[in-house]
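Reviewing the structure listed below.
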Amino acid sequence: MVDQKTQQQAELASDGTVCTRCGAVAEGTPPTWTCSVENGERRYFCDRCARDNIRAIEGRLDSSWW
């Protein structure tokens, strides 16, 4: 869930990518980050958040993906 702090960081990091979960900011779009499309909105997750939540991420995929 995007909270107030993360939203403010996203506005400040217009040239970077912000992790939807923890608010980490990266320059550009790191190839190791995970991208998810939820309700038509693209969301990015940093390496740490993706690793910590990989089961939940995989649980949203159709079985044909795995």
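Values below: all heavy atoms of this structure, side chains included; hydrogens, waters and symmetry mates excluded. In this chain, residues are counted from 1 in sequence order.
The nearest pair of heavy atoms linking Thr34 to Ala50 is OG1-CB, 3.3 Å.
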Query - Residue pair Thr17, Trp33: steps toward the side-chain contact (heavy atoms from CB on, under 4.5 Å) verdict - result: CA-CA 10 Å; Thr17 303; Trp33 282 32; 3.7 Å; yes

**Report entry** Test log, rule side-chain contact (heavy atoms from CB on, under 4.5 Å), inputs Arg43 and Cys35
**Finding:** CA-CA 6 Å; Arg43 297 179 184 204; Cys35 178; over 6 Å; no

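A 4.5 Å side-chain heavy-atom check between Tyr44 and Thr29 finds at least one atom pair inside the cut-off. Residues Phe45 and Thr20 have side chains in contact (heavy-atom distance under 4.5 Å, counting atoms from C-beta outward).
Note: Cys46 SG to Arg51 CZ = 8.0 Å, rounded to the nearest 0.5 Å. Taken to the nearest 0.5 Å, the CG atom of Asp47 stands 9.5 Å off from the SG atom of Cys19. The CG atom of Asn53 sits 11.5 Å away from the OG atom of Ser36 when rounded to the nearest 0.5 Å.
When the shell of 6.0 Å around CD of Glu38 is examined, it contains more than 12 heavy atoms from other residues, nucleotides or ligands.
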